[in-house]
S.K.: 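The structure under discussion is supplied below as structure tokens; questions concerning it will follow.
Start at 1 and go down the list; that is how both ligands and their atoms are numbered.
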Amino acid sequence: MRAASRVLGLACCALLAATPVGTLDSTARPRSCRPSVPESCTLRELASLAGIRFGSTAEQAEVADPQYASTLAREFSSLTPENAMKWYSVQPAPGHWSFAQSDAIVDFAQAHSMEVRGHTLVWAQDRYTPSWVTAISDTQALRTAVAVQIATVMTRYAGRVHRWDVVNEPLDTLGTGPSRNVFRTLGPDWIADAFRFAHAVDPAAQLWINEYGTDWVPGKHDAYLALVRDLVTRGVPIHGVGLQVHRLPGQVADGAALRAQIQDFADLGLEVAVTELDVPTLPSDPNALTEQATEYETIVRACLSVRACREVTTWGLTDRYTWLDSLGYLEVPTRPLLFDDDYRRKPAYDSVRAVLAEVASTAHCHRGHGIRCHRHRTGGGT
Ligand code: XIL
């Protein structure tokens with residue numbers, strides 16, 4: 001990786017312009033929005049006043065769909081390509097690059113003053129890595145493949161994508177050890193090397209790690225914390241920690257525990273984000289939608305209570321399109337998002353809006369290049 005890093009790093013970095021990082025939603029400046037009247041505001045406006053980004057995923061077909069697109073642009077300030085930037089999408093075969101989908105999404109985000117979370121450069125699970133990559137047995141060839149992937153994608157979007165999930169899901173699916181994947185053949189330092197290389201490609205980019213199940217798989221938070229602490233201690237260029245927070249149907253979140261987990265990463269000096277929130281409902285539960293609303297509120301509040309947590313992204317926006325139903329997760333629709341099949345706001349939308357409004361009305365915001373806010377504590381976080 002390091003040899004490739006030097007070569008590719010020099011080639012690509014000269015192209016990069018220095019860009020401000022971490023600026024919050026600068027154009028959605030509330031005009032008629034008054035946080036004391038939450039109904040007068042969109043989620044995006046309130047999130048901006050509360051000092052966070054509020055995000056959703058999108059696919060190319062969704063940004064081309066007028067109903068999806070208008071909801072996305074109105075309510076969300078950050079956009080995560082659901083699949084379009086993944087290795088299997090942009091380089092499905094060696095040297096065959098395909099950026100039409102991710103370009104369309106980044107163009108949409110720019111046109112609507114949304115930030116993009118680049119997701120994801122390396123996904124540490126073989127089943128989500130193209131088979132031509134998992135088939136590489138020569139270590140140097142694999143190193144080069146990783147370097148080319150990172151350099152090509154980051155360079156293409158330099159100056160337009162300011163934060164990247166460099167490594168996604170480094171831990172075992174339901175366990176606490178490193179995930180079994182082809183990249184481990186690069187040696188125990190492969191994650192650190194991926195971050196160092198990404199930093200060489202675009203020194204202005206914020207580099208994130210992202211993991212799921214840390215909120216509910218026993219021991220997984222501690223394993224994630226140990227991994228991230230080790231990277232920080234060794235001076236590896238890492239700036240943010242993503243907690244996916246895909247919930248299970250019927251689970252009840254412990255807000256204090258989640259806040260403490262977020263705080264653990266904040267204490268390492270890193271930014272934190274809830275990157276992939278969704279809350280599937282139990283079809284048999286007549287109170288499912290109100291319980292879902294409470295669950296969303298608890299999770300958003302946990303983020304807002306720690307100053308270093310500056311993004312909540314929901315994994316989609318309408319129940320009409322959710323990866324859970326595409327997977328056949330339950331035999332019935334899971335209804336995990338803030339808008340129903342017909343883009344009507346659900347109780348969960350109202351509860352998220354209420355908690356954002358509560359914090360927005362007490363936040364101090366400085367407007368300059370973007371809006372920078374300092375939140376008061378809501379329940380003990382910093
Ligand atoms: C999922 C997409 O939503 C699906 O469409 C795709 O088939 C598989 O990936 N964790 C992640 C996301 O980091 O990238 C995953 O997205 C959901 C779980």
S.K.: For ligand 1, which is the ligand I care about here, please tell me if W123 has any N or O atom under 3.5 Å from one of the ligand's N or O atoms.
M.R.: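 Between W123 and ligand 1, no N or O pair is found under 3.5 Å apart.
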
S.K.: Go through ligand 1 atom by atom and flag the ones less than 4.0 Å from a non-hydrogen atom of E82.
M.R.: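 Per the distance check, 2 (C), 3 (O), 4 (C), 5 (O).
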
S.K.: Hey, which atoms in ligand 1 end up nearer than 4.0 Å to a heavy atom of E169?
M.R.: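 Here the atoms of ligand 1 in question are 10 (N), 11 (C), 13 (O), 18 (C).
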
S.K.: Check ligand 1 against H119 and write out every atom of the ligand that is under 4.0 Å from a heavy-atom position of the residue.
M.R.: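 Those of ligand 1 that fall under 4.0 Å from H119 are 11 (C), 12 (C), 13 (O), 14 (O).
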
S.K.: Cation-pi check for Y212 against K220: NZ or CZ below 6.0 Å from the six-membered ring centre and within 45 degrees of the axis, yes or no?
M.R.: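 So K220 does make the cation-pi contact.
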
S.K.: Under 4.0 Å from ligand 1, counting heavy atoms only, is it the side chain of W315, its backbone, both or neither?
M.R.: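 The part of W315 near ligand 1 is the side chain, not the backbone.
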
S.K.: In terms of relative ring orientation, are Y343 and Y68 parallel, tilted or perpendicular, with 30° and 60° separating the classes?
M.R.: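 Perpendicular.
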
S.K.: If you measure every N/O of W323 against every N/O of ligand 1, is any gap under 3.5 Å?
M.R.: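 No; the residue has no nitrogen or oxygen that sits under 3.5 Å from a nitrogen or oxygen of the ligand.
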
S.K.: One residue to check: N83. Relative to ligand 1, which of side chain, backbone, both or neither has a non-hydrogen atom less than 4.0 Å away?
M.R.: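 The answer is the side chain.
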
S.K.: Distance under 4.0 Å to a non-hydrogen atom of K86: what atoms of ligand 1 satisfy this?
M.R.: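 Listed by number with element, the hits are 1 (C), 2 (C), 9 (O), 12 (C), 14 (O), 15 (C), 16 (O).
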
S.K.: On the ring face of W208, is R117 found with NZ or CZ under 6.0 Å from the centre and within 45° of the axis?
M.R.: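 Checked: cation-pi criterion met.
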
S.K.: Describe, in one word, how the ring planes of F99 and Y157 are oriented to each other, choosing from parallel (under 30°), tilted (30 to 60°) and perpendicular (over 60°).
M.R.: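 Ring orientation of F99 relative to Y157: perpendicular.
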
S.K.: Do you know which of D340, D341, D342 makes salt bridge (Lys or Arg N to Asp or Glu O under 4.0 Å) with R320?
M.R.: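 So, applying the salt bridge (Lys or Arg N to Asp or Glu O under 4.0 Å) to R320 and each of D340, D341, D342, only D342 qualifies.
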
S.K.: How many angstroms lie between CD in E115 and CZ in R53, if you round to the nearest 0.5 Å?
M.R.: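 These two atoms lie 4.5 Å from each other.
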
S.K.: Kindly confirm or rule out an N or O of Y128 lying under 3.5 angstrom from an N or O of ligand 1.
M.R.: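 Such a contact does not occur with ligand 1.
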
S.K.: According to the interplanar angle, ranging from 0 to 90°, do the rings of H119 and W123 count as parallel (below 30°), tilted (30 to 60°) or perpendicular (above 60°)?
M.R.: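 Answer is tilted, since the angle falls between 30° and 60°.
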
S.K.: Which of the atoms of ligand 1 are close to E276, meaning less than 4.0 Å from one of its heavy atoms?
M.R.: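 Ligand 1 atoms under the 4.0 Å threshold to E276: 10 (N), 11 (C), 12 (C), 13 (O), 17 (C), 18 (C).
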
S.K.: Run the numbers for me: atoms of ligand 1, each under 4.0 Å from some heavy atom of N168, listed by number.
M.R.: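 What qualifies from ligand 1 is 11 (C), 13 (O).
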
S.K.: Among M114, Q60, E62, which residue satisfies the side chain to side chain contact (heavy atoms under 4.5 Å, CB included) criterion with F108?
M.R.: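 Of all the options given, the one that passes is M114.
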
